[in-house]
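The block underneath contains the structure these notes are about, expressed in structure tokens.
Chain naming here is simple, since letters A, B, ... match the order of the sequence lines and numbering starts at 1 in each. Here the structure is a predicted model, which means the values were calculated and not measured.
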Number of protein chains: 2
Amino acid sequence: MSFEKEELEFLKKYDKNAFERCSMTADILIVSISNEESDNYRKNEKKRMSILLVKRTDFPYKGKWCLPGGFLDVTKETLEECAKRVLKAETNLQDIFLEQLYTFDGVNRDPRMRVISTAFVALVDKALLKEKVENASWFDIMEWKETKNKFELLLQNNSETILLDFDKKLKNSTSSNYEYISTNKNNLAFDHDIVIAQGLTRLRGKVSYTDIVFNMMPKYFTLKELQQVYEIILNKKLLDPAFRRIIANKVIKTKKMKTGEGHRPSYLFQYRGNE
Amino acid sequence: MSFEKEELEFLKKYDKNAFERCSMTADILIVSISNEESDNYRKNEKKRMSILLVKRTDFPYKGKWCLPGGFLDVTKETLEECAKRVLKAETNLQDIFLEQLYTFDGVNRDPRMRVISTAFVALVDKALLKEKVENASWFDIMEWKETKNKFELLLQNNSETILLDFDKKLKNSTSSNYEYISTNKNNLAFDHDIVIAQGLTRLRGKVSYTDIVFNMMPKYFTLKELQQVYEIILNKKLLDPAFRRIIANKVIKTKKMKTGEGHRPSYLFQYRGNE
DNA sequence: TGAATAGTGTCTGTGAGACAATATTAT
DNA sequence: ATAATATTGTCTCACAGACACTATTCA
């Protein structure tokens with residue numbers, strides 16, 4: 001019997017259910033930037049990070065907020081394709097920055113059965129979003145307090161406030177990987193609070209050594225707007241001259257200007273992209 | 001009917017098989033450092049990175065080398081626990097640095113059925129490894145050539161040489177995430193060639209801003225040995241004074257020395273750890 | 001005109017890169 | 001003595017941090 005034939009034979013007899021199988025989902029942390037109107041016509045708008053949550057309409061966790069997500073179609077989809085499908089359904093957006101974050105696999109994270117979830121981070125420019133989606137809502141990150149052992153997030157939409165509160169623990173002293181342990185105050189569905197903590201942490205970590213911020217920017221922006229986005233994500237003030245030096249070769253100055261702001265207008269820039 | 005009761009009812013009726021389920025595995029890229037004897041008694045040993053591969057004894061890919069891995073026991077294990085179990089079986093080591101790398105989920109990556117694999121990276125000190133494991137072998141990385149669009153690895157054990165050759169493509173111009181497309185020259189089982197490329201790239205990336213290197217070091221080491229490990233992983237020469245400045249507060253100088261080398265002996269250091 | 005932001009000039013200190021000089025061992 | 005590595009000293013240059021100064025708009 002030839003080797004190939006032998007292998008075919010093997011595959012034909014193979015029992016898929018020799019090991020119990022499990023369900024998979026793709027969940028997405030969709031992050032964007034929102035603008036808060038200022039009281040003073042002269043002052044610039046205040047920016048915040050915001051994330052998209054959807055309200056569960058079914059058990060389990062009926063009525064709780066959670067990340068957009070969906071079951072993987074095992075017969076034909078990759079996880080990323082699954083995530084894109086969900087993204088399209090929730091935001092009607094395609095061709096968006098999407099990156100695999102982590103696979104969450106606690107044995108009892110879903111009361112129905114063993115469900116393993118691969119989480120993604122998506123970054124979008126909110127300006128591209130038109131329609132309001134049923135059961136979905138943007139929550140602004142009003143507060144992000146972090147210490148050596150604590151992680152606290154305050155989320156807020158028009159009518160609700162959600163506090164996420166974690167204990168942080170280093171997984172290994174040689175690495176900077178943290179484990180987030182949610183306190184009982186948290187009340188998002190599943191372990192999505194942890195996905196959020198981990199996703200935002202990843203975002204903060206990558207901002208300094210990549211250009212991912214530009215995925216959240218409109219085509220034209222002022223340098224101050226860009227700086228503000230960096231400041232929110234990094235959670236620290238940056239000095240104007242230093243920021244401009246660093247960012248200079250990543251952007252292109254246009255002849256357009258942002259005017260009518262009650263103060264000196266500023267030039268609009270766009271992302272230069274690679275080479 | 002109360003809310004809780006309603007939910008219990010729901011869970012009881014829930015059909016796990018409403019969506020087709022899939023199998024999961026944990027695969028591990030185990031990385032270590034090997035020493036190559038020098039011809040000249042005065043000269044220091046040459047170091048290389050090496051990874052552990054096992055030879056498949058069954059279909060599919062019978063006879064091919066692949067990463068150690070195993071099916072997830074869906075009823076009780078997490079993926080990390082599964083990886084630890086495999087690690088114990090392959091190396092008889094516990095309490096080793098282990099970090100989730102990425103989840104690989106190509107629809108046809110396994111000819112038997114849909115199998116999704118979460119890959120881990122493990123770093124070990126080869127000195128701790130005693131027993132030789134059946135069907136397993138360390139492959140040294142003899143060459144790692146990388147350009148903008150290419151990625152090439154040359155693996156070698158006592159008797160075999162394996163070339164891995166990829167095209168590199170940026171997934172997104174704003175991030176530094178690459179997709180690796182294996183050319184037909186590659187012949188490891190499954191998509192494990194890509195796991196290796198991605199894992200080693202992650203390792204290189206994290207070396208500069210973490211202390212993970214120390215997971216591959218023995219308890220006592222000279223600064224030159226440590227420097228060599230950094231040099232191999234980063235693939236560039238470092239200047240002695242600069243390296244010593246950077247590393248100074250991460251290590252503790254002991255009174256022990258490494259002697260008998262045909263040249264000036266050097267102090268042995270150990271990892272300082274956190275705080 | 002004044003409030004507010006836009007944008008630039010320049011000094012300083014830190015730290016990496018580079019090279020040189022000195023120290024110490026086994027054969 | 002010599003080959004080889006270990007270890008340290010120090011100069012320079014780039015660049016981030018800090019602060020000050022000038023420019024420009026709109027009510």
Select one nucleotide: of [options], the one nearest the side-chain heavy atoms of [X].
X	options	value
B/Pro265	C/dT24, C/dT8, D/dA4	C/dT24
B/Ile246	D/dA16, C/dT8, C/dA16	C/dA16
B/Arg264	C/dG7, C/dT24, C/dG9	C/dT24
A/His263	C/dG7, C/dT5, D/dT5	C/dT5

Within this structure, what is the [atom1]-to-[atom2] distance between [X] and [N], rounded to whole angstrom?
X	N	atom1	atom2	value
A/Glu261	D/dA27	CD	C1'	14 Å
A/Asp240	D/dC19	CG	P	13 Å
A/Lys224	D/dT25	NZ	P	19 Å
B/Leu223	D/dT5	CG	C1'	13 Å
B/Leu234	C/dG17	CG	P	11 Å
B/Lys43	C/dT27	NZ	C1'	16 Å
B/Tyr267	C/dA23	OH	P	14 Å
B/Lys236	C/dG17	NZ	P	7 Å

Considering just the side-chain nitrogens and oxygens of B/Asn44, establish if one lies under 4.0 Å of OP1 or OP2 belonging to D/dA4.
->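 B/Asn44 to D/dA4 OP1/OP2: no side-chain N or O under 4.0 Å.
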
Side-chain N or O of A/Asn40 closer than 4.0 Å to phosphate OP1/OP2 of C/dA4 |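 So the side-chain polar atoms of A/Asn40 do come within 4.0 Å of the phosphate oxygens OP1 or OP2 of C/dA4, strictly under.
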
Mapping A/Thr259 and B/Pro241 to their closest nucleotides on DNA chain D, which lands nearer the 5' end?
->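 Its nearest nucleotide lies further toward 5', so the answer is B/Pro241.
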
Of B/Thr222 and B/Arg245, whose closest DNA chain D nucleotide lies nearer the 5' terminus?
->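 The residue mapped nearer the 5' terminus is B/Thr222.
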
Min side-chain heavy-atom separation A/Leu154-A/Thr161 under 4.5 Å =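 Yes - at least one pair of side-chain heavy atoms lies under 4.5 Å apart.
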
So, B/Asp125 side chain and B/Ala127 main chain: donor-acceptor pair closer than 3.5 Å or not?
->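 Judged by distance alone, yes, a pair lies under 3.5 Å.
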
Within the side chain of A/Gln227, is there an N or O that forms a donor-acceptor pair under 3.5 Å with the backbone of A/Leu238?
->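 Side chain of A/Gln227 to backbone of A/Leu238, a donor-acceptor pair under 3.5 Å: yes, one is there.
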
Using heavy atoms to find the nearest nucleotide of DNA chain C for B/Ala242 and A/Met257 separately, return the residue whose nucleotide is more 5′.
->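 Mapping each residue to its closest nucleotide by heavy atoms, the 5'-most match is A/Met257.
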
A/Gln228, A/Glu225, A/His263, A/Lys224 screened by side-chain hydrogen bond (donor to acceptor under 3.5 Å, both in side chains) with A/Asn44, the one that passes =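 Considering A/Gln228, A/Glu225, A/His263, A/Lys224, a side-chain hydrogen bond (donor to acceptor under 3.5 Å, both in side chains) with A/Asn44 is found only for A/His263.
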
Do B/Arg42 and D/dA4 have a side chain to base donor-acceptor pair shorter than 3.5 Å?
->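 In this structure, the two groups form no donor-acceptor pair.
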
How about A/Phe221 and A/Phe269: are their ring centroids closer than 6.0 Å?
->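 Distance test on ring centres: not under 6.0 Å, no.
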
